[in-house]
There are 2 protein chains.
Amino acid sequence: MNIRHIAKQAGVSVATVSRVLNHPENVAPKTREKIEKIIAETEYTPNWFARGLNFNKTGTIGLMIPHILNSVHMEIAKGVEDVAHQKEYIALMCNVEHDAAKEKRYLDQLIKRRVDGIIFICSSLEKKDFQLVQEQKIPVVLIGEHKNSLGLHVVSIDCKQSAKKAVNHLLESGHEKIAMLYGTEPQIENEYKMAGYKQALKEAELPFVRDYLREVENTIEGGYLGAKKLAELADPPRAIFASSDYIAFGAMDAIKDKGLKIPDDMAVMGFDNVRMSNLVEPKLTTVEVPLHKMGVYGARLLFDIIEGEEEPETEPKTILLQSKLKIRKSSGHKERIGEMF
Amino acid sequence: MNIRHIAKQAGVSVATVSRVLNHPENVAPKTREKIEKIIAETEYTPNWFARGLNFNKTGTIGLMIPHILNSVHMEIAKGVEDVAHQKEYIALMCNVEHDAAKEKRYLDQLIKRRVDGIIFICSSLEKKDFQLVQEQKIPVVLIGEHKNSLGLHVVSIDCKQSAKKAVNHLLESGHEKIAMLYGTEPQIENEYKMAGYKQALKEAELPFVRDYLREVENTIEGGYLGAKKLAELADPPRAIFASSDYIAFGAMDAIKDKGLKIPDDMAVMGFDNVRMSNLVEPKLTTVEVPLHKMGVYGARLLFDIIEGEEEPETEPKTILLQSKLKIRKSSGHKERIGEMF
DNA sequence: CTGAAAGCGCTAACAG
DNA sequence: CTGTTAGCGCTTTCAG
């Protein structure tokens with residue numbers, strides 16, 4: 001069923017049918033109605049490839065997701081999908097699994113498929129890969145901090161400041177021996193969080209203890225293992241700042257398994273404020289990150305560029321959103337203030 | 001940069017270039033190498049639309065996901081993506097949000113884009129929608145039980161039996177007043193789970209109490225609200241069987257808020273065995289569902305059909321996978337048996 | 001307002 | 001082994 005069938009049935013040329021599809025205003029109402037009727041009856045839909053061949057517009061954006069089983073990333077993805085769907089675009093979600101090679105492979109696919117734009121969530125790609133995309137004039141937006149973001153639009157929070165805020169809260173709650181469990185992935189954001197941790201300690205004039213800083217897999221299991229090691233130290237810390245809630249969940253489990261009490265023996269602080277963080281026991285103090293909003297803002301920015309509102313040569317934008325402390329029981333704050341801020 | 005540029009640079013015809021791309025064995029080694037070199041240098045990639053126009057094969061499958069923030073669905077999706085990626089296919093993941101209209105919209109898109117196959121996870125579509133797809137000769141696999149699956153390949157567990165098994169466990173643990181909280185979505189599977197619940201009661205010759213059966217949103221919040229109502233009943237149940245772990249999590253939270261002890265005052269049983277289910281307190285007894293495996297099997301089945309191993313007119317297959325009880329503390333089993341089975 | 005025809009980039013049958 | 005050429009289905013000038 002193609003445009004010629006329709007044309008024949010309507011007794012017009014293919015050009016006319018094409019017109020009612022693309023510029024209906026240039027067709028006489030009578031012929032237009034006739035053609036529209038036939039189109040409806042036959043449920044004809046123009047061949048997508050033929051269309052793409054002419055337009056080089058696909059109504060598709062690419063979305064790189066570090067890991068589709070991590071609800072932090074999926075919250076962001078949901079934000080992107082929400083606006084994409086509303087704009088009648090479709091988002092090709094790519095499950096990158098924190099693997100630069102896989103991300104690169106997906107990137108090639110996306111370029112090949114001529115997507116109209118790409119959003120990277122916490123990408124692990126390097127500058128030269130992004131340049132590849134820019135050469136193709138494909139608009140790009142990064143969500144999450146990135147070292148190589150120069151020249152690219154970015155939507156993010158300030159990881160370093162947020163981490164600092166978190167550690168400061170632990171300090172204010174009376175802790176001095178504070179450890180940090182930071183995830184291997186996403187690498188760059190966690191480096192910034194680590195920097196925030198170190199700076200907070202420094203400003204408090206506390207020594208930096210090498211043993212208190214551990215890299216772990218960014219999973220519940222990673223957190224479990226990391227906290228276990230910390231608890232087994234000769235001089236164990238009294239508080240743990242985890243770079244993600246998942247790590248914190250694992251840490252809490254390990255602490256309990258060691259027979260220690262949270263927060264009395266060891267306090268825990270997470271990062272992200274995923275839905276489960278106030279269902280574990282004790283409820284987890286954490287840093288609330290506006291995940292969904294980041295996705296929405298990122299997508300809006302991308303569509304502004306795609307739809308040409310934004311001049312392509314304009315200065316790249318960096319949108320920095322605010323994080324907030326969510327104070328709950330796990331951090332052992334002195335007063336019971338519920339959820340501050 | 002198109003095939004003609006390459007042909008010109010190599011001093012050959014476009015046909016020859018096309019050949020080295022598609023049937024390199026039919027090209028003289030010398031010319032082939034020359035052309036391959038130029039292709040590599042110029043980083044030429046054939047226009048995807050032009051290709052699709054000729055082949056009507058896209059290297060893409062559609063994947064309908066009820067809700068991308070629900071890790072149960074995403075585990076399945078991950079299974080699908082794993083095999084798709086390995087087969088060098090790309091999966092268009094569609095976030096349906098339990099909304100039949102949105103699912104239909106996505107379906108139209110997928111058909112328009114000529115995907116090579118579609119996998120539906122717990123679809124809410126009706127028979128006639130599936131017929132639409134079958135008319136287009138697009139292979140389809142359903143993951144999750146479905147009333148209208150006749151004539152379609154299905155990969156699933158037996159929800160009714162699994163639910164029955166769950167309720168039986170509660171019965172064996174000494175409970176008699178057992179309530180059920182079932183999620184609005186995915187509708188059909190939950191109907192089957194409910195049937196299992198009813199049958200288990202019947203076989204135990206226990207009365208069915210209308211108030212003990214509540215429909216709630218399939219979320220933590222839904223579970224919270226539902227359990228709260230149950231706890232406020234004049235004659236409250238002593239155990240709750242939830243149709244999903246998320247509902248169970250919410251229920252546990254509500255029970256605790258009411259000042260009741262789990263499992264002594266009220267036992268809780270979930271369904272799915274999501275990662276968090278042994279991190280809540282007490283650890284949640286639940287039904288383990290082989291989510292990832294379901295995705296893998298579904299995808300394999302689909303690719304068998306796509307790649308023609310499976311004759312299109314063959315009898316539709318139904319692959320039923322096994323669920324298992326995961327017995328933990330929340331159900332209040334008499335003996336401490338750890339995680340049975 | 002409508003039709004004829006060129007062309008988008010690629011593939012494959014056909015001839016050589 | 002390679003080139004010519006006719007499509008694939010659609011859009012869009014250009015004439016009329």
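Throughout, a chain's letter reflects where its sequence line sits, starting with A, and its residues are numbered from 1. Not measured: the values here are computed from a predicted model. The basis for the numbers below is simple: all heavy atoms, side chains too, and nothing from hydrogens, waters or symmetry mates.
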Counting side-chain heavy atoms from C-beta on, which of C:dC14, C:dC10, D:dT11 comes nearest to B:Ile3?
-> C:dC10
When rounded to the nearest 0.5 angstrom, what distance separates CG in A:Leu142 from CD1 in A:Ile119?
-> 10.0 Å
Is B:Thr31 near enough to D:dT2 that one of its side-chain N or O atoms lies under 4.0 angstrom from OP1 or OP2?
-> yes
Of the nucleotides C:dA13, C:dC1, D:dT5, which one has an atom closest to the side chain of B:Val14?
-> D:dT5
Taking atom P of C:dT2 as reference, at what distance in whole Å does atom CD of A:Glu25 sit?
-> 13 Å
Could you tell me how the ring of B:Tyr106 sits relative to the ring of A:His85: parallel (under 30°), tilted (30 to 60°) or perpendicular (over 60°)?
-> tilted
Within this structure, what is the CG-to-P distance between A:Asn26 and D:dA15, rounded to whole angstrom?
-> 18 Å
Considering only NZ, NE, NH1 and NH2 on the basic side and carboxylate oxygens on the acidic side, decide whether A:Asp82 and A:Lys78 come within less than 4.0 Å.
-> yes
Judged by nearest nucleotide, the residue sitting upstream toward the 5' end of DNA chain C, A:Val27 or B:Met1, is A:Val27
Could you check whether A:Ser18 gets within reach of a base, just the sugar-phosphate, or nothing at all, counting any heavy atom under 4.0 Å?
-> base
For C:dG9, take OP1 and OP2 only and decide whether either is under 4.0 Å from a side-chain N or O of B:Asn47.
-> no
Rounded off to whole Å, could you give me the CG-to-P distance for the B:Asn2 and C:dC8 pair?
-> 8 Å
For DNA chain D, whose closest nucleotide is more 5', that of B:Leu53 or that of B:Arg32?
-> B:Arg32
Measure from CZ on A:Arg19 to P on D:dG9 and round the result to the nearest Å.
-> 21 Å
Closest-nucleotide ordering on DNA chain D, the 5'-leading residue of A:Arg4 and A:Val17 | A:Arg4
Euclidean distance, atom CD of residue B:Glu33 to atom P of D:dC1 [Å, nearest integer] | 13 Å
Heavy atoms under 4.0 Å, any strand shown: does B:Ala28 hit a base, just sugar-phosphate, or nothing?
-> sugar-phosphate
Reckon B:Asn22 touches a base, only the sugar-phosphate, or nothing at all at heavy-atom distances under 4.0 Å?
-> sugar-phosphate
Between CZ of B:Phe55 and C1' of C:dA12 the distance, given in whole Å, is 9 Å
Nearest nucleotide by nearest heavy atom, which residue falls closer to the 5' end of DNA chain C, B:Phe49 or B:His23?
-> B:Phe49
Does a side-chain N or O from A:Thr16 land closer than 4.0 Å to OP1 or OP2 of C:dT2, or not?
-> no
Among C:dC10, D:dC14, D:dG3, the one nearest any side-chain atom of B:Val12 is D:dG3
Do A:Glu88 and B:Arg105 sit within salt-bridge range, that is, some charged N less than 4.0 Å from a carboxylate O?
-> no
Under-4.0 Å salt bridge between B:Asp108 and B:Lys104 = yes
What's the shortest heavy-atom distance between A:Ile305 and A:Pro139, and which atoms?
-> CG2-CB, 3.7 Å
Could you tell me the separation between the CG atom of A:Asn54 and the C1' atom of D:dC8, rounded to a whole number of Å?
-> 12 Å
Report the nucleotide, chosen from D:dT11, C:dG9, C:dT11, that has the shortest atom-to-atom distance to any side-chain atom of A:Leu21.
-> D:dT11
With respect to the phosphate group of C:dT2, does any side-chain polar atom (N or O) of A:Ser13 fall under 4.0 Å of OP1 or OP2?
-> no
Base, sugar-phosphate, or nothing for A:His5, non-hydrogen atoms under 4.0 angstrom?
-> nothing
Let me know the distance between CZ of A:Arg51 and C1' of C:dG7, rounded to the nearest Å.
-> 17 Å
